[in-house]
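Working notes, structure below.
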Amino acid sequence: DVLSAHAPLHFDLSIFDIFAAIATGASICLVPQGWSAFPKTIAEFIADNRITTWYSVPTALVQLVMHGDIAHRDFSALKRVLFAGEVFPSKYLRQLMHLLPEIQYFNLYGPTETNVITCHEIKEPPSAEMDVPIGTMCDGITGYVVSEAGILASHGEIGELYTKSPTLMNGYWNDAPKTEEVLITNTFDPDDDSLVYKTGDLVHLDERGYLIYHGRMDTMVKSRGYRIELGEIETVLTAHGKIRECVVTPLPSEEFGSIISAVLVTELDTDLDEDEILRYCRDNLPTYMVPETIRFMSALPRTSTGKIDRKAVESLN
C-alpha cells in the first residue's frame, strides 16, 4: 500500500498517515505543502505515485471532484478514500462515488482530543439531502449519547457525545479549568472509574445503530424561542444545485436573541440571487430557520489545515 500524507504534521489527521503506514509496512507519500490549492496537480500526484489509500479533509476531495479532471486520470491503484475533519457535502460525495465507483469510501470522526474514534463505510452514493453517518465506535472505544438532563439519551434522541478511549488526551497544556470541564468521571458504568471526554458534538443513534452527526453544541442557537442547529441549515443550503459551500452564523439580536446569516459560495457561471435562495429556504426549512441575511463570496476563508475558518467568516458580519 501507498498512503498519501496530505495533512500538515500539526493536524491530528497526520497520525493515521504516519503510524498506520509504519504499523502495516506501507509506504508514505508526502503531498508537497501548498499543493492543496491545485486539484489537477493533486490528481496527477495520486496517479503518478500509484496511491492506494487517500486520506484528507473533504474540502480537498470536493476540489478534486470539481477541478481535478479525475474522470480522465489513471486511478487504477486507488483502493480506498478516507475523509475526516469536517462534513463532506453529500452531493459532492455522490459525484465522487460515481466518478470512482470501484473503491471503498470511509467517513472517519474524532476530535483532536481523542483522534479518530468512529468509522463508517459508505457503500452506496448518498442522496443530496442525506446525512452521511459517522458510523460506529472503533474497537476498544466506548461512546455515550447524553441528553440535556445528563442521562443516556433514548434511541433517536439528539445528545452530546461522550467517549473514553486509549487515545484520550491527558488534558490541556497549562489549562486545568478547561481540562476539568471536559474530562469527567464516568457515571454511566459503575464498574469503570476511568475519565470520559465531553466532545461538545451533537449526535443521535439511527435505527441501524449508526451515529449521525448534528454539529457542535456551540453552533446551537436560540432564535424567536426556537433551538436551531446551524449545521442543519447548512445541509439544506449545500444540497442546492448551484451552491458550492456555505457557512451559517448567528447574529445577536435584542428582539429575537439571534438572527441567522448565511454566507454562500455559488458554483461557477450561475446567476443565483438572494430572492431565489430565500424561496428555496422557505420551501425546505421551517420558517424560523430561514436566514435573515444572505451574502455571497467568491471563496470561504480556510485554516492552515484546510477546514473552513468559521471564526473568520463570523468576523466579517
Side-chain angles (χ1 to χ4, degrees), residues 3 5-24 53 55-58 82-88 106-121 132-153 157-206 209-220 231 303-307 310:
L3 277 67
H6 179 268
L9 297 184
H10 66 273
F11 189 15
D12 72 309
L13 261 70
S14 64
I15 294 293
F16 178 89
D17 304 337
I18 299 166
F19 294 101
I22 291 172
T24 57
T53 302
Y55 183 32
S56 73
V57 292
L82 290 70
F83 52 88
E86 59 186 355
V87 174
F88 198 152
F106 296 90
N107 186 18
L108 309 183
Y109 159 84
T112 301
E113 290 85 348
T114 65
N115 203 244
V116 170
I117 54 174
T118 76
C119 178
H120 179 70
E121 182 177 0
V132 176
I134 58 173
T136 55
M137 291 288 164
C138 299
D139 289 349
I141 298 173
T142 303
Y144 307 97
V145 183
V146 182
S147 71
E148 282 188 289
I151 61 175
L152 294 179
E157 180 183 3
I158 295 176
E160 182 181 2
L161 181 62
Y162 292 19
T163 185
K164 69 183 189 72
S165 76
T167 56
L168 180 60
M169 67 171 182
N170 291 325
Y172 297 109
W173 181 253
N174 285 338
D175 196 341
K178 186 177 179 181
T179 299
E180 292 170 3
E181 182 182 340
V182 299
L183 288 181
I184 63 172
T185 302
N186 186 356
T187 60
F188 309 109
D189 184 349
D191 298 323
D192 181 4
D193 59 358
S194 61
L195 296 176
V196 295
Y197 171 62
K198 300 169 64 175
T199 66
D201 288 326
L202 295 169
V203 299
H204 85 269
L205 271 174
D206 71 6
Y210 297 146
L211 288 166
I212 306 295
Y213 179 76
H214 289 275
R216 297 282 304 162
M217 289 184 67
D218 51 21
T219 63
M220 180 78 75
T303 67
S304 62
T305 59
K307 296 182 182 181
R310 292 179 174 273

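Because only heavy atoms are used, hydrogens play no part in the values below, and waters and symmetry mates are left out as well, while side chains stay in.
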side-chain contact (heavy atoms from CB on, under 4.5 Å) against Ile158, all qualifying residues, sequence neighbours excluded: Leu202, His204, His214
To the nearest 0.5 Å, what is the distance between CD (Glu121) and CG (Asn107)? 11.5 Å
Thr185 to Val196 - nearest heavy-atom pair and separation: O-CG2, 4.3 Å
Ring pair (Phe, Tyr, Trp, His ring centres under 6.0 Å) contacts in which one or both residues fall within residues 163-182, not counting sequence neighbours: none
Checking side chain to side chain contact (heavy atoms under 4.5 Å, CB included) between Tyr109 and each of Val87, Thr199, Val116, Thr114, which is the one that passes? Thr199
Side chains of Glu113 and Leu183 in contact at under 4.5 Å (non-hydrogen atoms): no
Ile184 vs Tyr162, side chain to side chain contact (heavy atoms under 4.5 Å, CB included): CA-CA, chis, key distance, verdict: CA-CA 10 Å; Ile184 63 172; Tyr162 292 19; 3.6 Å; yes
Salt bridge (Lys or Arg N to Asp or Glu O under 4.0 Å) pairs touching residues 167-181, sequence neighbours excluded, are none
Residues at least two apart in sequence or cross-chain that pass salt bridge (Lys or Arg N to Asp or Glu O under 4.0 Å) with Lys164, listed by chain then number, are Asp192
Applying salt bridge (Lys or Arg N to Asp or Glu O under 4.0 Å), name anything that partners Asp12, two or more places apart in sequence or on another chain. none
Quick check: closest heavy atoms across Cys119 and Leu108, and the distance to 0.1 Å? SG-CD2, 3.4 Å
Ala84 versus Pro58, closest heavy-atom pair with distance: O-CD, 3.3 Å
Hey, what do you get for CZ (Phe19) to CG (Leu3), rounding to the nearest 0.5 Å? 13.5 Å
Under 3.5 Å, which donor-acceptor pairs do the side chains of residues 144-152 form with other protein atoms, sequence neighbours left out?
unit_1	atom_1	unit_2	atom_2	d
Tyr144	OH	Asn186	ND2	3.2
Ser147	OG	Ala149	N	3.3
Ser147	OG	Ile151	O	3.1
Glu148	OE1	Arg227	NH1	2.9
Glu148	OE2	Arg227	NH1	3.1

What distance do Thr118 atom OG1 and Ile134 atom CD1 have between them, rounded to the nearest 0.5 Å? 4.0 Å
Nearest 0.5 angstrom please: Ser14 OG to Asn115 CG, how far? 8.5 Å
By salt bridge (Lys or Arg N to Asp or Glu O under 4.0 Å) - contacts of Arg310 (at least two apart): Glu234
Suppose we screen for ring-ring contact (aromatic ring centres under 6.0 Å, His included). Which residues come up paired with Phe88, at least two apart in sequence or across chains? Phe83
What closest approach, in Å, do His6 and Ser56 show between heavy atoms, and which atom pair accounts for it? ND1-CB, 3.6 Å
Across all chains, not counting sequence neighbours, the side-chain contact (heavy atoms from CB on, under 4.5 Å) partners of Ile141 are Ile117, Met137, Cys138, Thr163, Ser165, Pro166
Considering all heavy atoms of both residues, which atom of Val57 and which atom of Leu13 are nearest to each other, and what is their separation? N-CD2, 4.0 Å
For Phe11, which residues count as a ring-ring contact (aromatic ring centres under 6.0 Å, His included) partner, sequence neighbours excluded? none
What residues form a side-chain hydrogen bond (donor to acceptor under 3.5 Å, both in side chains) with Thr303, not counting sequence neighbours? Thr305
Using 0.5 Å steps for rounding, measure from the CG atom of Leu205 to the OH atom of Tyr210. 11.5 Å
How long is the span from the CG atom in Asp201 to the CG atom in Leu161, to the nearest 0.5 Å? 7.0 Å
Results of ring-ring contact (aromatic ring centres under 6.0 Å, His included) for Tyr197 - residues two or more places apart only: none
